[in-house]
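Below is one structure, written out as structure tokens, with a few remarks after it.
Atoms within each ligand, like the ligands themselves, are counted from 1 in listed order.
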Amino acid sequence: MSTLPKYAFFKGQIVPYDEAKVGALTHALHYGTAAFAGLRGYWNEEAEQMYVVRPVDHFKRLLNSAKILMMKFSYTPEDLVEILVKLLRAEGNRTDTYIRPLIYKADEAIGVKLHGLTDELLMVAIPFGRYIDKEEGAHVCFSSWRRVDDNSIPARAKASGSYVNSALIKSEAMLNGFDEGLVLNEDGHIAEGSAENFFLVRDGVAITPPPTDNILEGITRRTVMHLMRAEMGLEVQERPIDRTEVYVADEAFFCGTGVQIAAITKVDHRPVGDGTMGPVVKGLRDLYFNFVRGKLPAYKDWLLPIYEK
Ligand code: PMP
């Protein structure tokens, strides 16, 4: 069990966590009319500093989700960064931390709609370790579920309601003995994992589904595409991927803020490559963990140091 946060940003101010409460009729609780972000702050022991990864990009995506859900906020991404810094300084964690901003329809009223409602923002931060245990070698299955479609619930919005789809995929996979599920879209192409983006590597080329295949436009996905191209000299393609391409891939991995970079070493009981983490995933993990802990000077602009020095 994770410990609870000490504080929350709630209704415009930082309050003790226990005071951040919503009413039983809250719209978002009943209808899933909310959207969220998930950021990580990495603790660097030597520098005695916490680095939050690409906060402006996370908040831009959150405000895009707000647009899709017809929410109105006067916050800019920079305003949200300011709130994040205040909250993290109040919390004072000296360990890896997960930050969860949530925007939600706050009215306590019956009636399914998006317009004419009151929008609120809350934000909390908690110490956080791994999202999946087997980051060095996950066994995944193809889900019997399909990914939500842009014409029903847009995957591009990180909308709370769409996480029922993710939860169906995740629980089915775990209860069947796998670490994660891979989900196809209605075209039968690979979309992503339950809460992470997907890449495979074939003949030295990294391939990932395009945003039009009903994926969340992941921030980590963008980071790893850049790192693979600029630091590893790899070609990276965005194109539809068939289910059986992962059966014959040399390597495959998930990426995301939560999952970080997780090697997929088995799919549907078949080894990926030789069934162990391959050189591309290993190299990328090394680069990524150096980046997030502030050890790659060229990428300092993507990191926000939290504590004043
Ligand atoms: N896809 C889904 C469905 C997710 O929930 C997440 C986690 N936010 C991701 C992909 C990865 O996105 P990011 O790298 O921005 O965390």
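- For ligand 1, the polar-atom distance check finds an N/O of Arg61 within less than 3.5 Å of one of the ligand's N/O atoms.
- Under the 3.5 Å distance criterion, with hydrogens and angles disregarded, no donor-acceptor pair is assigned to the side chains of Thr97 and Arg40.
- Scanning the protein for heavy atoms near atom 14 (O) of ligand 1, the closest one is Thr220 OG1, 2.5 Å.
- Each of the following atoms of ligand 1 lies closer than 4.0 Å to a heavy atom of Gly218: 12 (O), 13 (P), 14 (O), 15 (O).
- Not close to ligand 1: Ala37, with no non-hydrogen atom less than 4.0 angstrom away.
- Remark: ligand 1 and Ile219 share an N or O pair separated by less than 3.5 Å (distance only, no angle test).
- Here the heavy atom of the protein found nearest to atom 1 (N) of ligand 1 is Glu192 OE1, 2.6 Å.
- Between Leu284 and Met232, the shortest heavy-atom contact is N-CE, 3.7 Å.
- Closest heavy-atom approach to atom 7 (C) of ligand 1 among the candidates Gly38, Gly256, Ala195: Ala195.
- Contact annotation: the side chain of Phe253 never approaches that of Leu200 to less than 4.5 Å [non-hydrogen atoms, C-beta and beyond].
- Here is the list of ligand 1 atoms found below 4.0 Å of a heavy atom in Ser194: 3 (C).
- Asp250 and Gly204 get closest at one heavy-atom pair: OD2-N, 4.5 Å.
- Interface of Leu216 with ligand 1, defined as ligand atoms under 4.0 Å from a residue heavy atom, comprises 1 (N), 2 (C), 4 (C), 6 (C), 8 (N), 9 (C), 10 (C), 12 (O).
- Protein heavy atom closest to atom 8 (N) of ligand 1, with residue, atom name and distance, is Lys158 NZ, 2.7 Å.
- The proximity of Glu196 to ligand 1, defined as any non-hydrogen pair under 4.0 Å, is limited to the backbone.
- Aromatic ring pairs are classed by plane angle as parallel below 30°, tilted from 30° to 60° and perpendicular above 60°; the pair Tyr299 and Trp302 is tilted.
- Contacts with ligand 1 closer than 4.0 Å are made by no heavy atom of Ala155, backbone or side chain.
- At a heavy-atom cutoff of 4.0 Å, ligand 1 is contacted by the side chain of Arg147 but not by its backbone.
- Contact annotation: Arg222 has no heavy atom less than 4.0 Å from any atom of ligand 1.
- Residues Ala191 and Ile215 share a closest heavy-atom pair of O-CG2, 3.1 Å.
- Considering only heavy atoms from C-beta on, His269 comes within 4.5 Å of Phe178 through its side chain.
- Counting the atoms of ligand 1 from 1 in the order shown, those under 4.0 Å from a heavy atom of Tyr163 are 2 (C), 3 (C), 4 (C), 5 (O).
- Residues Glu135 and Gln260 form a side-chain contact, since some pair of their non-hydrogen atoms from C-beta on lies under 4.5 Å apart.
- Hydrophobic clustering places Tyr7 together with Val52 (ILVMFWY residues linked when any side-chain heavy atoms are closer than 4.5 Å, directly or through intermediates).
- Taking every heavy atom of Asn197 and a limit of under 4.0 angstrom, the matching atoms of ligand 1 come to 10 (C), 11 (C).
- Side chains of Tyr42 and Gln49: a donor-acceptor N/O pair is absent below 3.5 angstrom, by distance only.
- Listed by atom number, the atoms of ligand 1 under 4.0 Å from Thr257 heavy atoms are 13 (P), 14 (O), 16 (O).
- Both Phe59 and Ile99 belong to a common hydrophobic cluster when Ile, Leu, Val, Met, Phe, Trp and Tyr are linked at side-chain heavy-atom distances under 4.5 angstrom.
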